Structures are given as structure tokens and as C-alpha cells.
Student: 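Can you read through this structure? Questions will come right after.
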Amino acid sequence: MAEFNFSKIEKKWQKRWNDEETFYVSEDPKKKKFYSLEMFPYPSGSGLHMGHALNYTIGDIIARYKIMQGYNVLHPIGFDALGLPAENAAIKEGTHPQDYTKNSIKNFVIQQKRLGLTYDWGRVVDTSNPDYYRWDQWIFLKMLESGLAYQKESLVNWCPECKTVLANEQVVDGKCWRHEKTSVESKYLKQWFFKLTNYADELLDNLDNMNWPETTKSMQKHWIGKSYGTEIDFEVETQTSKVVVVHGGNAEKDKDYNKHWMPWLKSELAKKNIDSKFPQMPVDSKATYEEWRKIFDKIKIDKNSILVGHSRGAAFLVRWLGETKTKIKKLILVAPCKFARVDYKKTFYDFDINSLVKDSVGEVIIFSSDNDENYILKSVEEYHNTLGGKVLELNGRGHFLIDKFPELLSEILAGEKWPVFTTRPDTIYGVTFVVISPYHRELKRLVTSDHKKEVEGFLKKLKSISEKDLADLEKEGAFTGSYAINPVNGEKVPIYMGNFVIADYGSGMVMAVPAHDKRDYEFAKKYGIPIKIVIDPVDFELNDGNLTEAYTGEGTLINSGRFNGIENEKAKEEITNFLKEQGSGKKSVQFRLKDWGISRQRYWGTPIPVVHCERCGVVPVSYEDLPVKLPKNVSFGEGNPLLTNDKWINVKCPKCDGKAKRETDTMDTFVNSSWYFLRYTDPHNNKEIFDKEKASYWCPPDIYIGGAEHACMHLIYSRYYVKFLRDLGLIRFDEPAVRLFHQGMLHGEGGDKMSKSKGNVVNPLDTISKYGADSLRLFLVSVASPDKDFDWSEKGIQGSFRLIKRIYDFFVKTKPGRTSKELELKMNNSIKYFGERIENFDYRKVTIALRELFEELSKEKEVGKKVLEDFLKLLSPFCPHIAEELWEKLGNSSFISTSKWPEFKEGELNQKAGVNLNSQVINYVLPIMRKLEGRGDKVSKVHLYFLPFEIGDLDKKRFEKELGKEVFIYSVQDNNKYDPQGRAKKAKPGMPGIWFE
RNA sequence: GUGGGUGUGCCGGAGUGGUCAAACGGGACGGACUCAAGAUCCGUUAGCUUAUGCUUUCCUAGGUUCGAAUCCUAGCAUCCACACCA
């Protein structure tokens, strides 16, 4: 017997596939396409692991099956080559990330080729190649143009180990996802973001119609976390350190401008002990902004200041705030001017309203009057459009040259409105305190001097606690000293800082209803805050009229003023409406999903293509200048290596040619992996991101295979990209993959995770050397359904190896002859079964069926050539090398890999069934009847309900003879059948529904 | 806490109302071959028994049904994900 030298066989066929480019494809509109996509790997130095092998095998089997079915199959691979580990290796081993990555990829390719995969090696995508990441930068610029990319100071997760910012998704239990022992810190940094939230609704709504695993969809739903509720404004009294009023003055005659309502206001403020300043500005028409500033800059302004500006003074304040970015509490513009009649426009009004003022000012209020000058009314509109805030129209006041101005005074004295988000507006009468997040940006403004120490002490304590412990921390906080007014009843409630409130969900502040919320209850108990029941706790145990825990159920409102007696669900709506009418609340939708922070302070990523100009600010790099290549010459250590290459950093501004510096943040690598599958369709295009026609021929991928750990991050980002590229008009579909499949986790022998430290890592290459790629492939899909976790088993792979060897031996010794009828039938059924199971990734069952089929086959003394060939074809997707070899041994010169999948013959299955139907039915019905009679039930008539196609084969007389009863036969479809007990619906092939009468 | 899953013989794991004492693989045991081991092949693997029937089994307890591993209800166990989202 010939020796089974699998190693030689596999090398032979891998070489032939490679040399003849068997699996290279191109678009062919005449052919049906199939796109089988596997998640591309991060090329780590340690090479391919078993999880990769499983992932690729799953994709390869369906790809091979589809090829044999005559599809034009795109089955590509690439490398997610940018990322932290390469950089860490650079730091540790003194290599350069680029060299490290290149070597890793080389190594990966060699290993991948030994698995016998049908990859089109002409389409390899490498994200660390500037030819690839220039298109990442291109997309970034498009995002910027569309207003989807923006910069924001924001609270980020900072890993002190990586010296970089982590996405929420990259924080695991408060630890860095790469450094399991390093606690993530919170820190404010200016970051680039993509507006993921713009597509939040579509990301959520599409899920319902997607053929993705339910678990993944539900995880994404939860991740997006849409909740409906009400936003309610609570008036908060914050301290006002100072009121500064800047007068207007636009002509010589207005020299005494600092009169009208200003003296009146000054005395009113003095009465209330509020510090105020009314600086006198130069008012001649030639006076410049700079001259005004000289005077104004002498005044100390802080975050608790209120600035009031009239007319030209208003313009001055807006310009000043835009330039200095000073944070203040409130900005009040009275009849502000922007469009000047006279020619000193250049000296004073030549500025753009900086929209950032909106963020540095707590509240913007504009006073306007209908009978003011037209250019002022136009100005009001202009300011309001950019700064937002509220416009108060007071009719008949002209340009506000009036003696008293009580409306202004009350706005100065009015508390600020701080919104809270709640899903329980029905409980608003039960609010006994308000809680703000310790990380809220405006927290300090609420803390009064007598509570400063307490709050700061608590913040310090909070920092020292790792986030992991934070999760199961007791609810704790501190009183800020400030109070908020409940808009429904005017009650004054204390504002606490609390560790259980998340800064970037809702408004970072919540109304607390201890009687009806678990967290609020705990907090209130701890700090002795009153608990007010506003929903009648039905069937709830009270202790002395007090709750023993929060009542979160349904009920009727009590202690809720005019809303008493209303069911709480209904009250949600009514109270929201009431608040809306009152102007202190509205319906609101909140998402858990946040915008995607893409900034990384790291080297080995895609450079963000913008420069920071001293004069023009942030300026995008122009499209012609892409790619912004990563400089090779940098030094690695702590922090961002890009900061060490001055030559790269210092550039000219594309806009003004002045001095500018490159952005040194690079993009999150999830950016690279969000669209790579589109690039596969046109990987060498240097003119555009990809050819639209090519992309629309192949995409979307028909199946996408990868680990479930990507259910949220990668798969949400990728869905977002597809929607964005669609809206750019580049593609015409909505979701990145028609079907999604998650392979299971492969554990080491004994069930532990494979890890170096446990020493239970099984290397795919070792296994291939020992048992061959065919054995490995077969084992990987036969040990469990590919979407379930399973353990590596040395015995298991030996079992697979044995089967392959037996098949080989059988084919070597068997000479083609005739085929028995039974085998022919079995083969025919197998063809159908294999195909159906493969389509459903039920590979495990196929391998079982394969064993059974081979069992039948090997029992035969002789077998026809057709059946032998068909068997090899069925084997081929799983064990392609041995299939090719034996196929050749049968005298074929072409590849079995590209041969046609055998055809299933429809008739034969039913034919056999028909012959036996009558006796089958009798054997089925008789014992049931006997049993009934044995119990003493009397049976006189037997009604049988058959599937329509069975009716023709039935022998009623034979039934009556063998059953000894009167027999009635019906088709289940027959509307006139006699079926008082509804048994017809129980009918199955060969097993009619039965009713004994 | 929320959402999702799972619970089958020594083990992994099929099985969605009757053909189920339950596929397939592994292990174990017995046999053939061999000086022997390995490989290969055959058989056994709930119990009583050796008939072809009975008894007990598919997490537990109920229920539906002529009939349940399969459907329903409750409970228990276990795994995964998210986790103080207002």
C-alpha cells in the first residue's frame, strides 16, 4: 500500500494553487458573486494562533463550496497592521514598528498559505501602507467637511502604561484592555471625535432587519442604549462674583452713553450687595477694539461673572470672549450691534463670531426690541444664530435708551437653568435632592466656599480608588452647598455630588427621587435626606409609614399637587406636557452611545491630516498632499514618539503659508478596520478610494466571520462607516455584511484559555507538521458547532487524522466498478444534506455525515467512478489537499477545487419513501391504537390526515384490513375534511395526524 | 441588576412531539492480527436479562398529550456580555 505522505501532498497542491493563481478573481457581471470575508488579523510577532486557523477554515469551507457551485468567489485577506503592540515591541526590543510589522506579515502569510486557503493573494491589504491609510485620511477630511469630525475637550480614559487614551470599549473593568493590571485614569484632553451619534437612530433601527446573530444585535442595541424621557430644567442659584456692564456708543454725540438705565442698575445691584463694574470706554468713532480692550482687560473676570453689553459694548464682549476663551457664567447682550452703519466697521466690527463662545458661557441672553434700527435687528439674528441662548423681545423699547430696565435686572438675578434627564418625570414631586457627577465640568461653580473642603476631600478620595472597585462602591457623595428649584412646585432642594452619576450621560446631573429609585434611596438613607413618597406603593410593606426600600413599581400619584390620582404611566406624559407649557422641560431622547474618540497619542497609527496654524487655527491638509506619511525617524520611549521629529512637525500652513505644526495625534486603529473590506474590491487603486462599480459588484460581503468580541466596537464603527460612505455616494448599501457569523472560542486542553503562561498553547503549524492541514481543518470544524466554544483535544485531531488516512487508503486500494442502489441513494441524499448544512455553517454535522457516508462507501466491494468522484467533491471543501490528490489519482487533470458540485437528483428520495408508505403508516398507527384499546377506550373509526403529496400512494383497503376498523383518509389541505379535534396539523411525512373515534 | 444563552449517558456533543435507551466522535472494556507494542479491523459500553420483553433515564417539580429529551409553567444550576445610563 502506498504510504500516506500528507506533507508531500499538501505542499504539492499548495504550490500548484499558488503557481496557477487558481483562486485569483476579477469582476464578471455575468457571474453570480459571493464574497466570503474573514476579519483580518493583527499581525503580531507570535504568529498565527489556533483561533485564526479556525476563523479562516470556516470562511474557506464556504468559499470552496460556493466556488464549486459556480459562484465568482471573492475570498481576500489582509492585515490590520497598525497598532500598539508593534510600538511596544519597538520600545522593548529596539526594533522599529515598521520592521516589526513587515516581518510579522511575512511570517503570517507563510503560515496562512499552509492552511490551504482559497485567498486571492493579489488583493492583500496592509493598513500600515501609506497607499492604504491615505484613504483613511481622505475619509477623515470628508468627515471634517461633513461636520462629522470635530475636536472637543473631553474626559478620556487615560492609561498611564500606554500613555494613551482608550476608547470606552477598550476599558475592561476599569483596567486597560492591554494591561490588565493598569487602572485607567480620567483626564481632560482635547480630542478628535467622529459623530457616531448622528447615525445612532439608523444604527439602532436597522438591526431589526439584519441577518446577524440575535445576541450581537441585542448587545448593539444595549450599547446604543436609546431611552425616552424628559429633560427638566432646574433653576440653580450659583454665586455671582461680579457684574460687568459695557456701554455702547457709536457716535460723538453719545459721549454720555454711560447713563440711561445704567446708574439705576448700579444702585439696584449695590442694594443686593452684588459687586459691579461699569467701565468707561472711549466712544469716539475712531476708537478701536484694541483701545477698548486696554481698559477692559484691567477688570478681573472669572467663571462666576456676568457680562452685560449694550449695542457696541455687546459686540465688544462677544469678540473679547471669542479671543480670550474666558469662561463666564452669563452673557447678556442688549440690542447688540454687529453691522455698523458707519465706516469704523474695520476698526471694530471686523470679526467672526466665534461659536466656541457658546461653550465657555453658561447662558446667553439677548434683549431685542421691535422698533429698534433694522441693522440692529439683523445683528440680533446673527448673534443668536451662532451663540444660541434665548432672545427676549421687549416691544417698544427702541435701542433701549431707557431709564429703568427691570427685565435686565431680573435676568441678572435669575438662577441658571441646569437640565437633568429622567425617564421618570412622574416622580418629580418626590425629588428631595439633585445629584451631580464628580466629573461634571461645571461642578466647581456649584460648590460654595463653606463646602469646598468637603467636596475636594471627596474628589481626592475618589481618585485613589481604582475604577474596578468603583463599580461596587457604596453610593457616596458630598453636599455642594448649592440648591436647585424644583420647577413643578418651587421647592428648594440641595445639590449633592454623587459618585454614582456618570458625567457624560444625559447632562451629568440627575434629579433624585429616593422613594422610587434604588440608588437615590441608598444615598438618601446614608445622608439623612428626606424621602417623599409620590406613587402609592400598592402591596408594599411599609415600616411605620416609611419605605424599607425604594418602590419602583407602578401606581397612582400621591403628594403630587394637581397630578394626584393619575396613573403614573399617564402622569409621565401629563407632567412632561405641563413642564413644556411652563417652559422648563421637554421630551427628550438619550443615547448611551457616545461619539467616537479617535485620537491616540501614539506613533503607529494613521496621522490625522490637519495642521495647527498660529493664525488660522486648525487647517485640514489638502487632498493633493495626502498621504501624510508617518515619519520613520522618531524615538520611542514615553509619550508620543511623533513629538520627537521636529522636521515632520513643523510645516507651513496650507491656507496662509505661515508657521504651523502638524497634529501629532494618530487615529484609533478601528478606523483602519472600518472599511478595509471595501478596499479588497480594488486594492491597488491610487486615484480613488475604490472604484464604485467594483465595490458595488462585490459588496456587501455575503458572509463576515470573526470573533464575538467584536460585536460592539468594530462592528458598530464599521456600520457607521458604511452609512457615511453611502451618504457620500460611494456605495449603495446600508450595512457592512449580509450575514455575520461568530466563531467560538478555542480553549486549551482541559478548558483553560490558551495562554503562554499556562503553557497550553497549541500552534497551528506544529499541528500541521504532525497531522497535516487537512486533519487540522477537519478537526477544527468537527469538534463542535463552529459558533460554540470548545477545547483543544489531541485525541480529537488524531481521530480526524485517522479518518483521512482511512479515506486515502480506501481510495488507493479501490478500483472503480459498479455502485449499489443503496449507496447511490445515500450519496444522492448526502449531496443535498452537505450543501444545506454548509450553507448554515453546520459543519460539525457535515463531518458526522461524512463519516457515515464513508462508512457506507468503505463497506462496498466495488464502487462506481462517479460516486468516488462525488465523494471527493463533498470532501474537498474540508480537506482540499487530499481531495485534489485522490481526484488526480482517479485520472482527472483539472482541479477538484474548481470542479462542479455534484447535482442532487430530486425524484429518488421520494420514490423510495412511496414504496414503504403504507406499511410505515400501519406500523405507526397500530401500536397507538392498541395502547388506547388496552386502556379500555373503544375505537370504531380511524381518521387519518395526510400531507397532500402522500395521498396518491395510500392503500385504504389495506389499512382497514390490518387495523380492523373503518378508516377515513383526508388531505390536511382539504377544507371539507372532518377534523373536529384539529389533528390534521400534526401530520408529518410518513406520520399522519390521527383521530380515533 | 439588565440582556442573551446553556443544562442529554464516563466525556465532548447530536437530537424540537411517535421510527429514542438516544446519532457521531473520544474514552473504557472484550476480541482478531502480532513474539510484543503501535496502527488497523470487529464487537460491547443504563439495568434486569438474552429475550427482542420489562424497569429506570435526557437539571428538578408540576402540566398539556394516547404519547415528551423535545411543548407549557415554576424553580435550581451554570456560562457570557453590559453593568450605578437616571
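Every chain is numbered from 1 and lettered A, B, ... according to where its sequence line falls, protein lines coming before strand lines. Note that the structure is a prediction, hence the values are computed from the model and not measured.
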Student: Look at the side-chain N and O atoms of A/Arg519 and state whether any lies under 4.0 Å from the OP1 or OP2 oxygen of B/C85.
Tutor: yes
Student: Round to a whole Å and report the spacing from NE2 of A/His710 to P of B/A81.
Tutor: 14 Å
Student: Under 4.0 Å, heavy atoms only, any strand: does A/Glu852 hit a base, just the sugar-phosphate, or nothing?
Tutor: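 Sugar-phosphate, no base atom in range.
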Student: Decide, yes or no, whether a salt bridge links A/Asp504 with A/Lys594 under the criterion of side-chain N to carboxylate O below 4.0 Å.
Tutor: yes
Student: Rounded to whole angstrom units, what separation is found between the CD atom of A/Glu794 and the P atom of B/G26?
Tutor: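 Taking CD of A/Glu794 and P of B/G26, I get 14 Å after rounding.
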Student: Taking for each residue the nucleotide of RNA chain B with the nearest heavy atom, is it A/Gly225 or A/Phe996 whose nucleotide lies nearer the 5' end?
Tutor: A/Phe996
Student: Just call it for A/Arg851: base, sugar-phosphate, or nothing, with non-hydrogen atoms closer than 4.0 Å on any strand.
Tutor: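 Sugar-phosphate, backbone atoms only, no base.
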Student: Using the rule given for side-chain contact (heavy atoms from CB on, under 4.5 Å), can you reason through A/Phe779 versus A/Thr847, listing the C-alpha separation, both sets of side-chain angles and the distance that settles it, and then say yes or no?
Tutor: CA-CA 9 Å; A/Phe779 168 71; A/Thr847 64; over 6 Å; no
Student: Taking B/A23 as the reference, what is the distance to B/G47 when you measure between their P atoms (whole Å, please)?
Tutor: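 Their P atoms lie roughly 15 Å apart.
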Student: Do the side chains of A/Glu794 and A/Lys770 get close enough for a salt bridge, i.e. N-O under 4.0 angstrom?
Tutor: yes
Student: If you pin A/Thr215 and A/Thr423 to their nearest nucleotides in RNA chain B, which one's is more 5'?
Tutor: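 With A/Thr215 and A/Thr423 compared, the 5'-side residue is A/Thr215.
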Student: Does A/Val435 reach a base, just sugar-phosphate, or nothing at all? Heavy atoms under 4.0 Å.
Tutor: nothing
Student: Measure from the side chain of A/Ile502, starting at C-beta and using heavy atoms only, and say which of B/C85, B/G27, B/C82 lies closest.
Tutor: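 Output: B/C85.
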Student: How does protein contact run along nucleotides 10-20 of chain B, one letter per nucleotide 5' to 3', with B for base contact, S for sugar-phosphate only, - for none, heavy atoms under 4.0 Å?
Tutor: --BSSS-BBB-
Student: Can you measure A/Phe854 atom CZ to B/A23 atom P for me and round it to whole angstrom units?
Tutor: 21 Å
Student: Taking atom C1' in both B/A28 and B/A81, what distance in whole Å separates the two?
Tutor: 39 Å
Student: Would you call A/Glu856-A/Arg851 a salt bridge at under 4.0 Å N-O?
Tutor: no
Student: Counting only Watson-Crick or G-U wobble pairs whose two distances fall under 3.5 Å, which nucleotide matches B/C71?
Tutor: B/G63
Student: Return no unless some side-chain N or O of A/Thr847 is found under 4.0 Å from OP1 or OP2 of B/C24.
Tutor: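 No.
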Student: Distance check, P atoms only: B/G13 and B/C59, in whole angstrom units.
Tutor: 14 Å
Student: Does B/C20 have a Watson-Crick or wobble partner in any strand here, with both distances under 3.5 angstrom, and which is it?
Tutor: none
Student: Counting only Watson-Crick pairs (N1-N3 plus N6-O4 or O6-N4) and G-U wobbles (N1-O2, O6-N3), all under 3.5 Å, who is the partner of B/C85?
Tutor: none
Student: Would A/Phe433 and A/Phe523 satisfy side-chain contact (heavy atoms from CB on, under 4.5 Å), going step by step from the backbone distance to the final call?
Tutor: CA-CA 10 Å; A/Phe433 60 110; A/Phe523 196 88; 3.3 Å; yes
Student: What's the CE-P distance between A/Met929 and B/U65, to the nearest Å?
Tutor: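 My rounded result for the distance is 22 Å.
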Student: Please determine, for B/U40, whether a Watson-Crick or G-U wobble partner exists with both distances under 3.5 Å, and give it or none.
Tutor: B/A32
Student: Going by atom types alone, do A/Thr230 and A/Thr422 pair a side-chain donor with an acceptor below 3.5 Å?
Tutor: no
Student: Using a cutoff of under 3.5 Å, can you pull out all pairs of nitrogen or oxygen atoms linking the protein to nucleotides 38-43 of chain B, with atom names and distances?
Tutor:
unit_1: B/C41; atom_1: OP1; unit_2: A/Arg806; atom_2: NE; d: 2.7

Student: Quick one: do A/Arg806 and A/Asp809 make a salt bridge, cutoff under 4.0 Å?
Tutor: no
Student: Do A/Asp520 and A/Lys475 meet the salt-bridge criterion of a basic N to acidic O distance under 4.0 Å?
Tutor: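 Salt bridge absent between A/Lys475 and A/Asp520.
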Student: Between the main-chain N or O of A/Leu776 and the side-chain N or O of A/Thr767, is there a donor-acceptor pair closer than 3.5 Å?
Tutor: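 Judged by distance alone, no pair lies under 3.5 Å.
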Student: Taking the same atom, P, in B/U70 and in B/G15, what whole-Å distance lies between them?
Tutor: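 Nearest-Å result for B/U70 against B/G15 at atom P: 15 Å.
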Student: Which residues satisfy the side chain to side chain contact (heavy atoms under 4.5 Å, CB included) test with A/Asn5, sequence neighbours excluded?
Tutor: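 Result, side chain to side chain contact (heavy atoms under 4.5 Å, CB included) vs A/Asn5: A/Ser7, A/Lys8.
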Student: Side chain of A/Met219, heavy atoms from C-beta onward: which of B/A81, B/G4, B/C82 has the nearest atom to it?
Tutor: B/A81
Student: Would you call A/Asp842 and A/Arg837 a salt bridge, taking side-chain N to carboxylate O under 4.0 Å as the test?
Tutor: yes
Student: According to the Watson-Crick and G-U wobble definitions, with both distances under 3.5 Å, which nucleotide is paired to B/U57?
Tutor: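 For B/U57, the partner nucleotide comes out as none, under the 3.5 Å rule.
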